[in-house]
Chemist: 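Take a look at this one; I'll ask things after.
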Amino acid sequence: MGSTLIRAGVLLLALAAGPALAAEHVVSQKGKTFSVKKLSVQAGDSVKFVNDDPFAHNVFSLSDIKSFDLGSYGQGLFKSVLMDKKGIVDVECAVHPDMKMTVEVK
């Protein structure tokens, strides 16, 4: 009986702790490039794209896993994307076609 109560108590503690907090990963855009070429995140994490260039960027992805278009935004601004499905997300800038990176969602 005692071991059953201990197991029940451990289960209650695990449930009370709740799900792990999602992380926010910051990717800078500077010199017409992303600060990382490859980023690994967990499903449920977000990626914050910060424009540190003196001109606009437009971050987008046509990937089946996560398709998005953040629109054009200028220096000092940022936009975030929730990575909610596992897989590979290819990210590009519509303004600067050489700007490319990959996000692996685990």
Side-chain angles (χ1 to χ4, degrees):
M1 177 90 170
S3 64
T4 302
L5 288 175
I6 291 172
R7 279 184 268 159
V10 170
L11 178 60
L12 285 175
L13 283 175
L15 292 174
L21 293 175
E24 179 181 68
H25 304 268
V26 178
V27 175
S28 172
Q29 299 160 88
K30 179 93 174 153
K32 297 182 184 177
T33 186
F34 291 109
S35 59
V36 295
K37 293 291 182 193
K38 190 178 245 185
L39 180 65
S40 181
V41 304
Q42 296 296 315
D45 289 356
S46 63
V47 179
K48 179 178 178 180
F49 294 96
V50 180
N51 185 349
D52 290 320
D53 271 328
F55 39 78
H57 288 291
N58 182 348
V59 178
F60 76 97
S61 175
L62 299 176
S63 298
D64 290 338
I65 298 302
K66 186 70 176 185
S67 178
F68 61 88
D69 184 344
L70 299 183
S72 182
Y73 57 102
Q75 182 178 24
L77 301 177
F78 66 87
K79 295 196 178 182
S80 296
V81 177
L82 176 66
M83 299 294 174
D84 49 357
K85 294 180 185 172
K86 294 179 181 183
I88 301 294
V89 180
D90 295 315
V91 180
E92 300 179 47
C93 176
V95 181
H96 306 100
D98 290 337
M99 286 182 65
K100 296 180 181 185
M101 69 171 291
T102 301
V103 179
E104 179 184 10
V105 185
K106 297 180 179 181

Chemist: Are side-chain heavy atoms of Val59 and Lys79 found at a separation under 4.5 Å?
Modeler: no
Chemist: Show the nearest heavy-atom pair for residues Phe78 and Tyr73, with the distance to one decimal.
Modeler: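 Heavy-atom minimum between the residues: CA-CE1, 3.9 Å.
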Chemist: Mind listing the closest non-hydrogen atom pair of Asp45 and His25 along with its distance?
Modeler: OD2-NE2, 2.9 Å
Chemist: Shortest non-hydrogen contact from Ile88 to Ile65?
Modeler: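 That would be O-CG1, 3.8 Å.
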Chemist: Might you work through the side chain to side chain contact (heavy atoms under 4.5 Å, CB included) test for Lys37 and Thr33, ending with a clear yes or no?
Modeler: CA-CA 9 Å; Lys37 293 291 182 193; Thr33 186; 3.5 Å; yes
Chemist: Roughly how far apart are Gln29 CD and Gln75 CD, rounded to 0.5 Å?
Modeler: 11.5 Å
Chemist: So which atom in Gly44 and which in Leu82 form the shortest heavy-atom distance, rounded to 0.1 Å?
Modeler: O-CD1, 3.2 Å
Chemist: Within this structure, what is the NZ-CD distance for the pair Lys38 and Glu104, rounded to the nearest 0.5 Å?
Modeler: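 Going from NZ on Lys38 over to CD on Glu104, the span is 6.5 Å.
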Chemist: Can you list the steps and then say if Val47 with Met83 is a side chain to side chain contact (heavy atoms under 4.5 Å, CB included)?
Modeler: CA-CA 7 Å; Val47 179; Met83 299 294 174; 4.0 Å; yes
Chemist: Check the pair Asp84 / Lys66 against salt bridge (Lys or Arg N to Asp or Glu O under 4.0 Å), numbers first and verdict last.
Modeler: CA-CA 8 Å; Asp84 49 357; Lys66 186 70 176 185; 3.4 Å; yes
Chemist: Membership question, hydrophobic clusters at under 4.5 Å side-chain separation (ILVMFWY): are Val95 and Phe68 in the same one?
Modeler: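 Cluster IDs for Phe68 and Val95 differ.
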Chemist: What are the two closest non-hydrogen atoms of Ser35 and Val26, and how far apart are they?
Modeler: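 Closest approach of Ser35 to Val26: OG-O, 4.5 Å.
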Chemist: For His96 and Phe55, take the angle between the two ring planes, folded into 0 to 90°, and tell me which bin it lands in: parallel under 30, tilted 30 to 60, perpendicular over 60.
Modeler: tilted
Chemist: So how far is it from Glu24 CD to Ser46 OG, rounded to the nearest 0.5 Å?
Modeler: 4.5 Å
Chemist: Ignoring hydrogens, what is the shortest heavy-atom contact between Val36 and Met101? Give both atom names and the distance.
Modeler: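 Smallest interatomic distance, heavy atoms only, reads O-CB, 3.6 Å.
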Chemist: To the closest 0.5 Å, what do you measure between CG (Leu70) and OG (Ser61)?
Modeler: 9.5 Å
Chemist: For the pair Leu39 and Phe34, evaluate side chain to side chain contact (heavy atoms under 4.5 Å, CB included) and give the outcome as yes or no after the intermediate values.
Modeler: CA-CA 11 Å; Leu39 180 65; Phe34 291 109; over 6 Å; no
Chemist: So, taking the atom named CG in Asp52 and the one named NE2 in His57, what distance separates them when rounded to the nearest 0.5 Å?
Modeler: 8.5 Å
Chemist: In terms of hydrophobic clustering (I, L, V, M, F, W, Y; side-chain heavy atoms under 4.5 Å; direct or indirect links), are Val27 and Val103 co-clustered?
Modeler: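 Yes, Val27 and Val103 fall within the same hydrophobic cluster.
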Chemist: Under a 4.5 Å side-chain heavy-atom rule over Ile, Leu, Val, Met, Phe, Trp and Tyr, are Val91 and Leu62 clustered together?
Modeler: no
Chemist: In plain terms, say whether Asp90 and Lys100 are close enough for a salt bridge, that is, a side-chain N and a carboxylate O under 4.0 Å apart.
Modeler: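 No salt bridge links Asp90 with Lys100.
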